[in-house]
Amino acid sequence: MKVELKDVSFKYPNTEKGAIKGINLSIKQGEFVLLAGASGCGKTTITRLINGLIPGFYGGKQEGKAFINEKEIKDYKSFELSSMVGCVFQNPRTQFFNVDTDSELAFGLENAGKDRETINNVLDKVTDDLGIWNLRNRDIFKLSGGEKQKIAFASVYATDPDIYVLDEPSANLDAKGVESIKHNLEKIKDKGKTVIVAEHRLYYLKDLVDRVIIMCDGHIDKDISGEVFRKMQPKELNQLGLRTNRAEKVENRREKVDSKEESINLTLKNICVELGGKTILDDLNLNFPAGTITCITGHNGVGKSTLLRTLCGLIKAKRGEIIVKGKKCGAKKLKEKAFLVMQDVNYQLFADSVYNECSLGLKEGKGEKTDRALESMGLCEYKDRHPNTLSGGEKQRLAIAVSLMMDKDILLFDEPTSGLDYKNMILCADIMKKMAAMGKTVIVVTHDEEFMKCCCERVISFS
């Protein structure tokens, strides 16, 4: 199915600047197109035009016309559009309708009126095709971010649409998961499906793309062929504000720790954490020095996020000791000493403006300190915007700005670069280096090896 945007501009409510301006784009049946560019450049807005969420769900002012098979998208009924276009959102949690994975996988088929036998057969085939037997019959709320991403893709795959629209599908996936999504995208491309992917992590798409549309400030800056993209050097891409098209590999550096006792800020002794009767972390022993950036990596669902929640006092360890500067700390004390930027930052944005979010709870020196934090993360121009109107990457930067305001000894980050372009990934790495230079203990859970290469001094791999 052909997708076409003719001179399309769109502006969200209560914003001065248009999200996209004068977009002309034609995507042929079976074409694999990558939308790339800085956070907030308009990639997600284009995906929302194609899947009908603009103007069907998001308010705002649209000019120009968007078509699928030469019929305006706004003229399709919702059930017609949903049978043609399958969408995986940047935050998969926002597209779930059920509390268990099997019901979520079956949801689109049930809405299409398929009988039970057909649904069961399709679910088994989808599970085999995508290798997700370990995710069947699971509580969605107990899945890791990467596992949620896999279920979101599988629920779309089950409906077999002609057009796939994916917004940062690799954001929370480990290396194995990224390889899996690459294989799945290759599979749907071979079926002749039209695939449109908005993404910052480019390397895994290198061999799949037919075209790369590079966005800049709401308009199309470059439209290049897949062949040209494959030949581009990382330095060329970096100059365009894009990440590398080569896979990075960072080795485990667990043992590179100063053994001097005075350098150790945080110690875990025999930590055991259980959730829902299941042991997530067992007999964990680790030291974290002050002034050091430690990256924790490993497969989705092995307990990395659980560790961070335990370190900031959100989860109480069943057994073991957490020691900060030589003193044993319980959950209450850990909340005073540690600050966590969560994987899904929507859970920790509360205020009615970016400025107020950054200064929330601050009693003294609010103005100057807030301005510095916003400036450091490139958010000054958005200070009067509501946090929910920001792009995924901008929200991530806001949460990091909030962490700069907190005078905590231990700073914890869960996938901080999941929505960040090259420029802001480097910015994030530099901020963390500054935090470490101030003597803070910085612990980052990430699958982003390009980011790890920029700033990490230690890499601990969970298995």
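These numbers were taken from a predicted model, which means no experiment stands behind them.
- Applying side-chain hydrogen bond (donor to acceptor under 3.5 Å, both in side chains) to Tyr204 and the options Glu199, Lys182, His183 leaves one that passes, Glu199.
- Take Phe451 and apply the ring pair (Phe, Tyr, Trp, His ring centres under 6.0 Å) test, not counting sequence neighbours, and it matches no residue.
- For Leu334, the side chain to side chain contact (heavy atoms under 4.5 Å, CB included) partners are Ile322, Val324, Cys329, not counting sequence neighbours.
- Among pairs with a residue in residues 336-361, those fulfilling salt bridge (charged side-chain N to carboxylate O under 4.0 Å, His left out) read Arg93-Asp344, Lys333-Glu336, at least two apart in sequence or across chains.
- In this structure, OH in Tyr12 is found 3.0 Å from OG1 in Thr45, a value given to the nearest 0.5 Å.
- Side-chain atoms of Asp421 come within 3.5 Å of backbone atoms of Asn424 as a donor-acceptor pair (strictly under, hydrogens ignored).
- Counting heavy-atom neighbours within 6.0 Å of Glu236 CD, excluding the residue itself, gives a total above 12.
- By the salt bridge (charged side-chain N to carboxylate O under 4.0 Å, His left out) test, Glu16 is found to be paired with no residue, residues two or more places apart in sequence or in another chain being considered.
- Contact annotation: the side chain of Pro387 approaches that of Leu398 to within less than 4.5 Å [non-hydrogen atoms, C-beta and beyond].
- Here Arg243 pairs with Asp448 in a salt bridge; the nearest charged N to carboxylate O distance falls below 4.0 Å.
- The main-chain N or O of Val228 is found under 3.5 Å from a side-chain atom of Ser225 such that the two form a donor-acceptor pair.
- A distance of 11.0 Å separates OG1 of Thr194 from CZ of Phe32, quoted to the nearest 0.5 Å.
- Annotation: salt bridge (charged side-chain N to carboxylate O under 4.0 Å, His left out) contacts involving residues 395-405, sequence neighbours excluded, are absent.
- With sequence neighbours left out, the side chain to side chain contact (heavy atoms under 4.5 Å, CB included) criterion links Lys17 to Lys21, Asp217, Glu381.
- Once rounded to the nearest 0.5 Å, the distance linking CZ of Phe89 with CZ of Arg48 reads 8.5 Å.
- With sequence neighbours left out, the side chain to side chain contact (heavy atoms under 4.5 Å, CB included) criterion links Lys328 to Glu321.
- For Phe97, the ring pair (Phe, Tyr, Trp, His ring centres under 6.0 Å) partners at least two apart in sequence or on another chain are Phe107.
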Audit row: Ile220, Ile214, side-chain contact (heavy atoms from CB on, under 4.5 Å) steps and yes/no: CA-CA 6 Å; Ile220 293 175; Ile214 301 174; over 6 Å; no
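- Residues satisfying the ring pair (Phe, Tyr, Trp, His ring centres under 6.0 Å) test with Tyr58, not counting sequence neighbours, are none.
- Under a 4.0 Å N-O distance rule, the pair Arg309/Asp414 does not qualify as a salt bridge.
- Gln348 contributes a side-chain N or O that, together with a main-chain N or O of Met342, makes up a donor-acceptor pair within less than 3.5 Å.
- In Lys408, the NZ atom is crowded: over 12 heavy atoms of neighbouring residues, nucleotides or ligands sit closer than 6.0 Å.
- Taking the side chain as every heavy atom from C-beta outward, Ile163 and Val3 approach each other to under 4.5 Å.
- Between Leu5 and Ala66 the shortest heavy-atom distance is CD2-CB, 3.4 Å.
- Counting non-hydrogen atoms of other residues, nucleotides and ligands closer than 6.0 Å to NE2 of His386 gives a total above 12.
- With rounding to the nearest 0.5 angstrom, the CE atom of Met405 is 8.5 Å from the CZ atom of Arg372.
- When side chains are defined from C-beta on, Thr279 does not count as touching Val273, because their heavy atoms never get closer than 4.5 Å.
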Check the pair Arg230 / Asp207 against side-chain contact (heavy atoms from CB on, under 4.5 Å), numbers first and verdict last. CA-CA 7 Å; Arg230 283 182 273 280; Asp207 298 324; 4.1 Å; yes
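- Heavy atoms from other residues, nucleotides or ligands lying under 6.0 Å from NZ of Lys187 number more than 12.
- Judged as a side chain to side chain donor-acceptor pair (under 3.5 Å), not a single pair has a partner in residues 428-439 (not counting sequence neighbours).
- Salt bridge Lys325/Asp409: present, at least one basic N to carboxylate O contact under 4.0 Å.
- With 3.5 Å as the limit, one finds no donor-acceptor pair spanning the side chains of Thr101 and Glu104.
- For Lys304 (side chain) and Phe462 (main-chain N/O), no donor-acceptor pair under 3.5 Å exists by modelled atom type.
- No side-chain heavy atom of Lys43 sits under 4.5 Å from any side-chain heavy atom of Ile213.
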Under the side-chain contact (heavy atoms from CB on, under 4.5 Å) criterion, do Leu411 and Thr441 qualify, and how do the steps go? CA-CA 6 Å; Leu411 295 163; Thr441 298; over 6 Å; no
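- When atom types are taken as modelled, the side chain of Arg201 and the backbone of Ser170 share a donor-acceptor pair closer than 3.5 angstrom.
- Taken from OG1 in Thr44 to CE in Met215, the straight-line distance is 10.0 Å, to the nearest 0.5 Å.
- For CE of Met406, the number of neighbouring non-hydrogen atoms (other residues, nucleotides, ligands) closer than 6.0 Å is greater than 12.
- Taking 4.5 Å as the limit, every side-chain heavy atom of Leu412 sits out of range of all side-chain heavy atoms of Val341.
- More than 12 non-hydrogen atoms from other residues, nucleotides or ligands lie less than 6.0 angstrom from NZ of Lys206.
- Annotation: Asn14, atom CG; neighbour count of heavy atoms from other residues, nucleotides and ligands within 6.0 Å does not exceed 12.
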Kindly indicate, with the supporting measurements, whether the criterion side-chain contact (heavy atoms from CB on, under 4.5 Å) is fulfilled by Val197 and Glu168. CA-CA 7 Å; Val197 183; Glu168 303 222 30; over 6 Å; no
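- With hydrogens and angles disregarded, a donor-acceptor distance shorter than 3.5 Å links the side chain of Ser359 to the backbone of Tyr355.
- Side chain of Lys193 to backbone of Glu31: no donor-acceptor contact under 3.5 angstrom is found.
- Annotation: ring pair (Phe, Tyr, Trp, His ring centres under 6.0 Å) contacts of Phe229 (sequence neighbours excluded): none.
- Under the 4.0 Å criterion applied to side-chain N and carboxylate O atoms, Asp282 and Arg319 are assigned as salt-bridge partners.
- Proximity of a side-chain donor or acceptor of Ser180 to a complementary backbone N or O of Lys176 within less than 3.5 Å is not detected.
- Under a 3.5 Å cut-off, the side chain of Asp210 and the backbone N or O of Gly226 do not form any donor-acceptor pair.
- Looking at Asp100 and Arg138, no side-chain N of the basic residue comes within less than 4.0 Å of a carboxylate O on the acidic one, giving no salt bridge.
- Contact annotation: the side chain of Gln62 approaches that of Leu49 to within less than 4.5 Å [non-hydrogen atoms, C-beta and beyond].
- For Glu449 and Lys453, the salt-bridge test fails: no basic side-chain N is under 4.0 Å from an acidic carboxylate O.
- Legend: side chain to side chain donor-acceptor pair (under 3.5 Å) pairs involving residues 145-155, not counting sequence neighbours, sorted by first then second residue: Ser144-Glu147, Gln149-Asn172.
- In this structure, Ile443 CD1 and Leu307 CG are separated by 7.0 Å, a value rounded to the nearest 0.5 Å.
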